[in-house]
There are 2 protein chains.
Amino acid sequence: MKEKKSYSLSLANKKDFNNINEWVYQTLRTSIMCGEIRPGVALTIRGLAEKLDVSSMPVREALRRLASESAVDITDSRRVVVPLISPDKFKELFSLRILLETHAAELALPYISGSHIEELKALDEAVDASYSDGNIVSGSLANQAFHRYIYKQNPVQVCMPMIESLWLQLGPFARVALSKIEKYYEYDRHKEAIDAIQQRDAFALRRAIEADIRDGLSVFKNIDKIYQDLKSS
Amino acid sequence: MKEKKSYSLSLANKKDFNNINEWVYQTLRTSIMCGEIRPGVALTIRGLAEKLDVSSMPVREALRRLASESAVDITDSRRVVVPLISPDKFKELFSLRILLETHAAELALPYISGSHIEELKALDEAVDASYSDGNIVSGSLANQAFHRYIYKQNPVQVCMPMIESLWLQLGPFARVALSKIEKYYEYDRHKEAIDAIQQRDAFALRRAIEADIRDGLSVFKNIDKIYQDLKSS
DNA sequence: AATTATATTATGTGATCACAATTTTAGAAT
DNA sequence: ATTCTAAAATTGTGATCACATAATATAATT
């Protein structure tokens, strides 16, 4: 058996899920989202199965599910790989984030009440706390939790899976790119979003969400150079 | 063995695909899209496997993939069902179609050249031919082919899987709903879209696509009543 | 006759296995 | 040293099986 680089794969206890395949899926998903699995390296079913101490079956199902969310690529030779996306695609993913998330926020607004706003403030504080700790990964996850909490209030859920897919596609590249950037500041427009919600101002909410996403993109200024470096490595 | 209602499942030869699971997926997908599988009836792995003359494995993978595209629901008791979507959700799916497809069309425009326009005209004629034959299913598929051909010209492909997912979610309900409508006229704005493309007018193209989708929605006027009928049956 | 309790059948899930295709390694030839 | 070739190891795929759970049918009770 060959020695392999070990990326920690842990989430919650396997027993907490009624299906093992669901647990495997969630574990791999967060692992990809957080950039623990580097773009380009091939994932093998047996390898993951052994690492997670399950049979190959749940791994296969999880990988196919991730493939249909564009989180992994299945090449012609049937190898599974976390793709390294091009700068063009990266920017397009951000365009779609703006398109879908402003839409989702506006539709969710009528369903957000006082108690939800308290929760949003708490979630926003969690974001700030993570970033001031310098923890990029948990900050990013907390940021997603903030956004998700808004959109989820809409009882008609069609956007959310698509938005999740966008986040998932952006995750790996964003993570490796951020590690190349020596220093950056993480702004967010969560306060403005909360204000807009409290004043029930749909347009202001859209603006806040859009600005928040744009700020997120602006961190990746020299993205083309980063991409070239990553591709050659 | 109990007698079961038989819906024809056929697409292309199983051998034409390098993977059986891919063939199973495509077969089930078109079957759902065309409304051959009625919303609400439970799909069993073994049942489909027997009907398609494959083992349960490729069926399982196909069903999970369809579930992650929201084409089927997996209930708490792990039954797989084509969902009957609510009128609100139906309308929201159309909103998202407009949002994503106008965006996709605009981004694709710079990549559409003369030869593509000839192909588009041919595809449009195929749509008209199907509808004048009164063949709703092939007309709908031809219509999708027309739209897909436009969006696909963009080398950066991120929208297309999402749009396909929207079409897939709309398919079953649209099909059963159409069968309840005694007579309707199928307008389309494909000529206007082609004109806009030839004049390289992005805004006009957006308008044509949006109008085309809205026309499609307008067919379902009494959608709430149809939904009530379907739910009780 | 309706309802509850029990037994039986179906069904989804995860594991294991054989086989073909791919990848990797090792060796040979230039 | 480099390139090409053959052998070995690895890997994805599809099939089959055991087991637990859910759905259905049957029997019993009121």
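Convention: sequence-line order gives letters A, B, ...; per-chain numbering from 1.
- In this structure, B:Leu43 atom CG and C:dG12 atom P are separated by 9 Å, rounded to whole Å.
- Side-chain proximity of A:Val54 to the nucleotides C:dA15, C:dG12, D:dA15 is greatest for C:dA15.
- Remark: P of C:dG14 and CG of A:Leu52 are 13 Å apart, rounded to the nearest angstrom.
- Remark: B:Arg64 in residues 63-73 of chain B come within less than 4.0 Å of DNA chain C through at least one heavy atom.
- D:dT13 atom P lies 6 Å from atom CG of B:Asn19, rounded to whole Å.
- Both B:Arg78 and A:Arg79 lie near DNA chain C, and the one whose nearest nucleotide falls closer to the 5' end is B:Arg78.
- Ranked by how close their nearest DNA chain C nucleotide is to the 5' end, B:Ser77 and A:Ser56 are led by B:Ser77.
- Checked by atom type and distance alone, the side chain of B:Gln157 pairs as donor or acceptor with a backbone atom of B:Tyr151 at under 3.5 Å.
- Rounding to whole angstrom units, CG of residue A:Leu48 and P of C:dA15 are separated by 14 Å.
- A donor-acceptor distance shorter than 3.5 angstrom exists from the side chain of A:Gln153 to the backbone of A:Tyr149, with no hydrogens or angles considered.
- Checked by distance alone, A:Arg46 brings a side-chain donor or acceptor within 3.5 Å of a matching partner on the base of D:dG12.
- A straight line from CG of B:Asn21 to P of D:dG14 spans 5 Å, rounded to a whole angstrom.
- Salt-bridge annotation for B:Glu61 and A:Arg65: absent, with no side-chain N of the basic residue lying under 4.0 Å from a carboxylate O of the acidic one.
- Listed nucleotides D:dA23, C:dT13, D:dG14 differ in distance to B:Arg60; the shortest reach to its side chain belongs to C:dT13.
- The CG atom of B:Leu123 lies 9.5 Å from the CD atom of B:Glu125; values are rounded to the nearest 0.5 Å.
- Not one side-chain nitrogen or oxygen of A:Ser55 sits closer than 4.0 Å to the OP1 or OP2 atom of C:dG14.
- Remark: A:Glu164 pairs with A:Arg29, A:Arg148 by the salt bridge (Lys or Arg N to Asp or Glu O under 4.0 Å) rule, at least two apart or across chains.
- If you take CD1 of A:Ile20 and P of D:dC19, they are 16 Å apart, rounded to a whole angstrom.
- Regarding B:Asn18, its CG atom lies at a distance of 11 Å from the C1' atom of D:dT13, rounded to whole Å.
- For the pair A:Leu107/B:Glu92, a side-chain contact is recorded, criterion being any heavy-atom separation below 4.5 Å from C-beta on.
- A:Met57 places its CE atom 13 Å from the P atom of D:dT16, with the value rounded to the nearest Å.
- Here the side chains of A:Arg60 and B:Met57 are in contact, with some heavy-atom distance below 4.5 Å.
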